[in-house]
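Can you keep this structure in mind? I'll have questions shortly.
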Amino acid sequence: MKIISSKDYNDMSKKIANIISAKVILKPDSVLGLATGSTPIGTYKKLIEWYNKGDIDFSSVCSVNLDEYCGLDKSHNQSYAYFMYNNFFKHININMENTYVPNGTNTDAPSECQLYEEIIDNLGGIDLQLLGIGHNGHIGFNEPSDCFIKDTHQVELSQKTVDANSKYFDNPKDMPKYAYTMGMGSIMKSKKIIVMVSGADKSDILKAMVTGPITPKLQGSILQLHPDVTIVADEAALSKF
Ligand code: GLP
């Protein structure tokens, strides 16, 4: 795993936006694997800024998102479809028909998960996957477990994740307990992976993910086996190295 150190959150965001921008310039019809959470917001802001300057064109790009809460419609302000539209897609010239997020309102979990895997395969796989990491090492919504799950699946969210994310809901009790997420196998098939990590509160989990044993108790640790992973982290997140 390659590690790129950045001064702070802003510097991290700029470096990651540069990497994504270079990818889209080199391959205008790139398939980007995108993430939600607070960490990528700065990266999306930079990309929007450069799009507005005319430096980057998303018209041929396709995107697939990692995950979505079960039960939330894309109009719900905490759904990841809503997040992507409002924080990124509506500000750039991506064709919305080329953007994919699992459908949280589909109650037929096996068919939704199979469909999502087919979407990724039909796009020819992911060229560049952007990943954040949860405080328990989760990737997408692949929570600590006894095994790694290969494909897109429905997952019961851990208490730690519910505690971390419920604060964003008007009523924290409305936070869904289940989500659809790409599996670690779907993610590991990506040609290139960028992991973004910011803040001292992620320093222990980042160190364990990179240098500790490969274990489903820390799902991100399997990224050690991927041939092209770059971690872009700020100094606070790298303070335990
Ligand atoms: C959520 C998302 C993950 C994300 C994680 C970290 O649970 N499902 O994809 O990486 O949160 O979020 P943050 O960047 O806000 O720390």
Side-chain angles (χ1 to χ4, degrees), residues 1-6 9 11-37 39-40 42-44 46-47 50 56 58 60-67 88 94 98-100 116-117 119-134 137-142 148-152 181-198 202-203 205-216 218-235 237-238 240-241:
M1 285 167 141
K2 182 172 179 182
I3 299 182
I4 296 178
S5 172
S6 49
Y9 177 78
D11 186 31
M12 177 201 78
S13 303
K14 203 157 55 171
K15 284 184 163 71
I16 297 169
N18 264 305
I19 295 168
I20 295 171
S21 168
K23 180 82 230 172
V24 173
I25 290 167
L26 286 166
K27 187 171 186 268
D29 60 347
S30 286
V31 178
L32 301 180
L34 298 178
T36 55
T39 314
T43 300
Y44 295 148
K46 277 279 151 223
L47 289 170
W50 296 340
I56 176 165
F58 293 95
S60 303
V61 164
C62 293
S63 74
V64 275
N65 259 77
L66 282 167
D67 46 12
F88 195 30
I94 197 164
N98 293 337
T99 67
Y100 300 92
Y116 209 64
E117 283 298 314
I119 288 170
I120 299 170
D121 285 348
N122 291 339
L123 291 171
I126 297 166
D127 292 305
L128 190 159
Q129 175 67 57
L130 187 61
L131 297 177
I133 177 174
H138 77 222
I139 297 285
F141 272 134
N142 290 275
F148 293 106
I149 298 182
K150 186 169 156 263
D151 292 333
T152 301
T181 182
M182 279 187 205
M184 289 311 297
S186 341
I187 294 164
M188 288 288 282
K189 278 193 289 188
S190 309
K191 292 166 194 119
K192 181 175 187 64
I193 295 177
I194 303 291
V195 190
M196 50 190 168
V197 197
S198 171
K202 298 264 178 84
S203 58
I205 202 72
L206 176 59
K207 174 92 191 283
M209 185 183 94
V210 175
T211 63
I214 297 169
T215 163
L218 198 172
Q219 293 276 322
S221 62
I222 201 172
L223 298 174
Q224 291 178 34
L225 299 179
H226 191 281
D228 190 353
V229 174
T230 301
I231 295 166
V232 187
D234 60 19
E235 283 170 7
L238 288 169
K240 298 289 159 62
F241 281 78

(message) Salt bridge or not between K191 and D228? Use side-chain N to carboxylate O under 4.0 Å.
(response) no
(request) Mind checking the CG-NZ spacing from L238 to K207? Nearest 0.5 Å is all I need. (result) 11.0 Å
(message) Pairing donors with acceptors under 3.5 angstrom, does anything connect the side chains of E117 and S186?
(response) yes
(request) State which residue, out of T43, I4, D11, fulfils the side chain to side chain contact (heavy atoms under 4.5 Å, CB included) condition with I16. (result) T43
(request) Look only at the side chain of N142 and the backbone of G183, and say whether a donor-acceptor pair between them is shorter than 3.5 Å. (result) no
(request) State whether the side chain of T152 and the backbone N or O of Y116 hold a donor-acceptor pair below 3.5 Å, judged by distance alone. (result) no
(message) Does the plane of the ring in Y44 sit parallel, tilted or perpendicular to the ring in F88? Use 30° and 60° as the thresholds.
(response) parallel
(message) side-chain contact (heavy atoms from CB on, under 4.5 Å) for I231 and L206? Distances and angles first, verdict last.
(response) CA-CA 9 Å; I231 295 166; L206 176 59; 4.1 Å; yes
(message) Please check this pair: side chain of S203 against backbone of A237, looking for a donor-acceptor N/O pair closer than 3.5 Å.
(response) no
(request) Determine yes or no for a side-chain-to-main-chain donor-acceptor pair under 3.5 angstrom, with H138 supplying the side chain and G220 the backbone. (result) no
(message) For the CG atom of L223 and the CG atom of L131, what is their distance to the nearest 0.5 Å?
(response) 6.0 Å
(message) Between V64 and L123, does the side-chain contact (heavy atoms from CB on, under 4.5 Å) criterion hold? Intermediate values first, please.
(response) CA-CA 9 Å; V64 275; L123 291 171; 3.7 Å; yes
(message) Whether K202 and D234 form a salt bridge (side-chain N of Lys/Arg under 4.0 Å from carboxylate O of Asp/Glu) is what I want to check.
(response) no
(request) Report the C-alpha distance between M209 and I133 in whole Å, list the side-chain angles of each, state the deciding distance to 0.1 Å, and finish with yes or no for side-chain contact (heavy atoms from CB on, under 4.5 Å). (result) CA-CA 10 Å; M209 185 183 94; I133 177 174; 3.3 Å; yes
(message) With rounding to the nearest 0.5 angstrom, report the CE to CD distance, M184 to Q219.
(response) 6.0 Å
(request) Please round to the nearest 0.5 Å and tell me the distance separating atom CD of E235 and atom OG of S6. (result) 7.5 Å
(request) Working to the nearest 0.5 Å, report the span between CG of L32 and SG of C62. (result) 9.0 Å
(request) Nearest 0.5 Å please: distance from the CG atom of D127 over to the OG atom of S30. (result) 5.0 Å
Taking only distance into account, with no hydrogens and no angle test, what donor-acceptor pairs under 3.5 Å do side-chain atoms of residues 17-24 form with protein atoms, sequence neighbours excluded?
{"unit_1": "N18", "atom_1": "ND2", "unit_2": "K14", "atom_2": "O", "d": "3.2"}

(request) Heavy atoms only: give me the nearest A35-G132 pair and the separation to one decimal. (result) CB-N, 4.3 Å
(message) Walk me through whether K192 and Q129 qualify under side-chain contact (heavy atoms from CB on, under 4.5 Å).
(response) CA-CA 6 Å; K192 181 175 187 64; Q129 175 67 57; over 6 Å; no
